[in-house]
Every structure is written in C-alpha cells, then in structure tokens.
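Positions are given from 1 along the sequence.
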Amino acid sequence: MASFPPRVNEKEIVRSRTIGELLAPAAPFDKKCGRENWTVAFAPDGSYFAWSQGHRTVKLVPWSQCLKNFLLHGTKNITNSSSLRLSRQNSDGAQKNKPHEHIIDCGDIVWSLAFGSSVPEKQSRCVNIEWHRFRFGQDQLLLATGLNNGRIKIWDVYTGKLLLNLVDHSEVVRDLTFAPDGSLILVSASRDKTLRVWDLKDDGNMMKVLRGHQNWVYSCAFSPDSSMLCSVGASKAVFLWNMDKYTMIRKLEGHHHDVVACDFSPDGALLATASYDTRVYIWDPHTGDILMEFGHLFPPPTPIFAGGANDRWVRSVSFSHDGLHVASLADDKMVRFWRIDEDYPVQVAPLSNGLCCAFSTDGSVLAAGTHDGSVYFWATPRGDIGDSPKRSNTVYLLLPSVIYRTCRY
C-alpha cells in the first residue's frame, strides 16, 4: 500500500516550510487522555488564534504577535502556563485596544471552538422579544467552546467574561460553527445525534433542533452566504440543510465510512468532506455530484476495507481562502496540500498524531493540532490554476457548480 498514486514520485513533492510551533506545557500529573487538541480556530478578522490545549483549557493568542514571536525566537514557542488567566468578572474595556494572550479554564474537556463576530444591523430572528440581556456592538468578538459534558460556553474574547452557558445537548459537543453573516447564529453538532441552532443575539435562545442523523454528528459548516449548512457524521452521513427553512435539502452519498469533517469553498460552489475511508471528496453541493477525489491510500481500498481500520483515516479537511487549495490531515503522519485541479498533493508536511487543521484568515498559514495539545504551522501553497507544472494532459476549469475538462496545448 502506498500514500501516493504510482505515477507520482514522492521525492518530487515539495515539502511545506515550517512557520512555527506552539508546544503545550507539560501536565502537572500524568494522564493518558485529556491533552488532545481537538480543534484550532482563527478569528474572522485575523486578530486571534485559539486552540484547545488539553485538560479543559483554551489558549487565546494575538495572531500578529504570534507570527512576530516565530520570527524573533525561532519556530518553537512553549506556551507559558503563567500567562494571564481570564477572569469572569474582568470587563476592562481598555483590553479591546490591544489584544492580549489569555488562558480560559472551560471547566471540562474542550472538543470544539468557533469565533463569531457581530454585525449590529443583523437583528435577532426572535421578533417577540423586546428586551435582551446582551447588546452586541459592531466590534464584538465571541468565542464559543463545546465541552465534553454537552455544554456550550460563550466568552467575550476581549474581556474574558463568560457571557452565556448553553445547556441542551446530552452528549459531547463535537463541533461548532457561526453563520458568516454576522447574525451570531450558532450551530452545534453533538454525539447525541442532533444539531442545534442558537441565536446569541436573543440571549442564546435555542431556536431549532435539526434531526436526521442516526449516529454521532462529527462536524458542521455554513456556506459563505449562511443559507446552507453541511453536517457530517458516523455511518457515512453527509447532509445538507436549508438554514432559512431549517429543512434537509439532500443527502450526499459516496463515502464508505464515518465522515468526520467538512468545509465549503469561499464562493460556496464546492464542498469538501473527509472520511475514515481514506478519501476526501469535492462535491457540487447544489447537485450532489462528486467532482474530485483526493485519495490517501493506493491502490484505493475496496468499500469493505475502506469501512474498517485501514491506518489512513483522514481526520480533518479545510478549504483555503483562495478557493484553489485544500488541506487534509491523515493518520499516516502526513499533512497534504491539494490543488482543486490535481488529484495528487502539491505539498506535504510531516505530522504525527494530528487531529485537526485550519487555514489562517488570509490563507497564508495552515495550523494543525495534535494529540499532545500542541499546534504546528506551515506556509501554504500559493498561485493560480495553471501556474505550476502538471503531470497530466488535463486541466480543470472551475465555474460555479461545474468542473470542465479541457485539453492542454
């Protein structure tokens, strides 16, 4: 079994340049579990980076300062446990003027993170409520944390104040995603087989429960215009939802094992899903067609083999903000960078025990979290379709909802 197609020489694939590392501090006591970094996230405006450091803590660092530290002190940066800890009573407005490094104690193991920013003109969907406990301003930046006990805690990033404690899930909150339109609509995905829709501008009111999954829900993602939601889960599930009517649009069929991650392209024309079946699929979400397959094991495993323990489980997938590149992270100790017009990776990077990955807001850096609570960063591929040499006689031209093949001259 190989990690690349026979026609691809692994030695010719470019190795991604390491930007830096954020290493988790050693635990004060030895535990076999609880240190996993299940999620990493960048703020929509690029001001903060957050990750679950293990043992119920989340670290918040100003992203620009983090990059400067990598340049000044080298790639490694061991996080300091004596950094400022967030106080629930701390509401010093002066902190908004300059981002600070913080540690949040969430009270339980953190499985998911999501940043949300407010747009004042986006009103709450609950029209019958005239009074709200919280008034969100234009510069509001929130962090949602999904916990092992099923709770979701909402934090003010600038002050560290705990704003809301959402209690309705009965199992692990595996993923969180905010609507990109600034409405502060939050969707949570849980092992209790449901997705729940929360309106944070209505003091965290739980608006809707989306049912349809027959097993754990692993991940969810909004389309860029906030009109569509993708949710993925165990038993090969990939569902698309209409977020205006809160109804299911369609089920996407093609994977052979649990589907654990999903992400839309920046224009919403494409959807990427990652599965334990060793594959990443690129879909047209509007038709349900599979447009591209990124394999992580060759020859491709049969459905029976792909549905079991194959040592190539794909753990995470993320679309770059340039719309041309996709990153995937698998159990074969490798991070892959793909172009959407090629079926082999254009860059790779070594990573052991990886669990999650996400592109920075400008798409220039990929962050990946590991089992030991650390984070690693790489420079990402750049360029437009057609810039680099091809190994095939075909180029894919991407138009909305369609990939066309054309001959190269």
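Between Asp372 and Arg35 no salt bridge is recorded (no basic side-chain N to carboxylate O distance below 4.0 Å). A salt bridge does not link Glu171 to Lys193: none of the charged side-chain nitrogens sits closer than 4.0 Å to a carboxylate oxygen. Between Glu36 and Arg56 there is no salt bridge, since none of the side-chain N atoms of the basic residue sits less than 4.0 Å from a carboxylate O of the acidic one. With respect to the salt-bridge test (charged N to carboxylate O, under 4.0 angstrom), the residues Asp199 and Lys201 do not qualify.
To the nearest 0.5 Å, the span separating CZ on Phe115 from OG1 on Thr177 amounts to 13.0 Å. Distance CG/Leu186 to CG/Leu200: 5.5 Å, rounded to 0.5 Å. Rounded to the nearest 0.5 angstrom, Asn37 CG and Lys59 NZ are separated by 12.0 Å. Atom CZ of residue Phe264 and atom CG of residue Leu271 lie 5.0 Å apart, to the nearest 0.5 angstrom. Atoms CZ and CG, on Phe42 and Leu113 in that order, are 12.0 Å from each other to the nearest 0.5 Å. Residue Asp192 holds its CG atom at 8.0 Å from CZ of Arg211, rounded to the nearest 0.5 Å.
Between Trp51 and Val58, every side-chain heavy-atom pair lies at or beyond the 4.5 Å cut-off. Side-chain contact between Met228 and Ile249: present, with at least one pair of heavy atoms (C-beta onward) separated by less than 4.5 Å. Looking at Asp156 and Gln140, their side chains come closer than 4.5 Å, going by heavy atoms from C-beta outward. Residues Leu229 and Cys220 are in side-chain contact: their nearest non-hydrogen atoms beyond the backbone lie under 4.5 Å apart. With contacts defined as side-chain heavy-atom distances shorter than 4.5 Å, the pair Ile282/Val326 qualifies. Within the 4.5 Å cutoff, side-chain heavy atoms of Cys106 are placed close to those of Leu147. Looking at heavy atoms from C-beta onward, Pro381 lies in side-chain contact with Val346 at the 4.5 angstrom threshold. Between Leu366 and Val335, the closest side-chain pair of non-hydrogen atoms falls below 4.5 Å.
The ring-ring contact (aromatic ring centres under 6.0 Å, His included) test with His257 is passed by exactly one of Tyr218, Phe305, Tyr276: Tyr276. Residue Thr370 forms a side chain to side chain contact (heavy atoms under 4.5 Å, CB included) with just one option from Leu355, Leu329, Val375, Leu351, and that option is Leu351.
The two residues Ala50 and Leu60 make their nearest non-hydrogen contact at CB-CD2, 3.7 Å. Heavy atoms only, all atoms of each residue included: Gly373 and Ala24 are closest at O-CB, 3.4 Å. Taking both residues in full, the closest heavy atoms of Gly354 and Arg315 are given as O-CG, 3.8 Å, listed atom of the first, atom of the second, then distance. Pairing each heavy atom of Gly295 with each of Trp338, the nearest pair is O-CH2, 3.3 Å. Of all non-hydrogen atoms in His213 and Val232, the two that sit nearest each other are CE1-C, 3.8 Å. In plain terms, the two heavy atoms of Trp283 and Pro285 that are nearest each other are O-CD, 3.3 Å.
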Report the C-alpha separation of Trp155 and Thr145 in whole Å, then their side-chain angles, then the decisive distance to 0.1 Å, and conclude whether the side chain to side chain donor-acceptor pair (under 3.5 Å) test is met. CA-CA 8 Å; Trp155 307 83; Thr145 56; 3.3 Å; yes
Step-by-step side-chain contact (heavy atoms from CB on, under 4.5 Å) determination, Arg312 to Val314: CA-CA 6 Å; Arg312 292 293 195 283; Val314 186; over 6 Å; no
Full working for side chain to side chain donor-acceptor pair (under 3.5 Å) between His255 and Thr273: CA-CA 9 Å; His255 281 295; Thr273 58; 2.8 Å; yes
Criterion side-chain contact (heavy atoms from CB on, under 4.5 Å) on Cys356 and Trp38, from CA distance to verdict: CA-CA 6 Å; Cys356 59; Trp38 292 108; 5.9 Å; no
Derivation of the side-chain contact (heavy atoms from CB on, under 4.5 Å) call for Leu270 and Met292: CA-CA 10 Å; Leu270 302 173; Met292 202 70 172; over 6 Å; no
Between Trp241 and Thr247, is the side-chain contact (heavy atoms from CB on, under 4.5 Å) condition met? List the steps. CA-CA 6 Å; Trp241 307 84; Thr247 57; over 6 Å; no
Does His169 form a side chain to side chain donor-acceptor pair (under 3.5 Å) with Ser188? I'd like the steps, not just the answer. CA-CA 9 Å; His169 282 296; Ser188 55; 2.6 Å; yes
Between His325 and Thr380, does the side chain to side chain donor-acceptor pair (under 3.5 Å) criterion hold? Intermediate values first, please. CA-CA 9 Å; His325 295 92; Thr380 60; over 6 Å; no
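Counting only distance, with no hydrogens or angles, the side chain of Asp258 and the backbone of Ser235 share a donor-acceptor pair below 3.5 Å. Using a distance-only test at 3.5 Å, with no hydrogens or angles considered, a donor-acceptor pair links the side chain of Ser226 to the main chain of Asp181. In this structure a side-chain-to-backbone donor-acceptor pair under 3.5 Å is present from Asn310 to Gly308. Thr159 places a side-chain N or O within 3.5 Å of a backbone atom of Lys161 that can act as its donor or acceptor partner. Between the Gln347 side chain and the Pro345 main chain, no donor and acceptor come within less than 3.5 Å of each other. Under a 3.5 Å cut-off, the side chain of Asp322 and the backbone N or O of Leu324 do form a donor-acceptor pair. A donor-acceptor distance shorter than 3.5 angstrom exists from the side chain of Asp108 to the backbone of Asn149, with no hydrogens or angles considered. Side-chain N or O atoms of Ser190 include one that pairs as donor or acceptor with a backbone N or O of Val172 at under 3.5 Å. Panel note: side chain Thr18, backbone Gly20; no donor-acceptor pair is recorded below 3.5 Å.
The aromatic rings of Phe377 and Phe49 stand perpendicular to each other, their planes meeting at an angle above 60°, with 30° marking the opposite boundary.
Stacking of Arg15 on the aromatic ring of Trp378 is not recorded, the 6.0 Å distance cut-off and the 45° axial limit not both being met. With a 6.0 Å cutoff to the six-membered ring centre and a 45° limit on the axis angle, Arg336 counts as a cation-pi contact of Phe4.
Remark: Arg250 CZ is packed, more than 12 non-hydrogen atoms of other residues, nucleotides or ligands lying under 6.0 Å away. In the displayed structure, Trp111 atom CH2 is contacted under 6.0 Å by more than 12 heavy atoms of other residues, nucleotides or ligands.
Using a 3.5 Å distance cut-off with no hydrogens or angles, the side chains of His296 and Ser328 do pair a donor with an acceptor. No hydrogens or angles considered: nothing links the side chains of Trp313 and Thr278 as a donor-acceptor pair under 3.5 Å.
His321 has its ring centre no less than 6.0 Å from the ring centre of Phe359.
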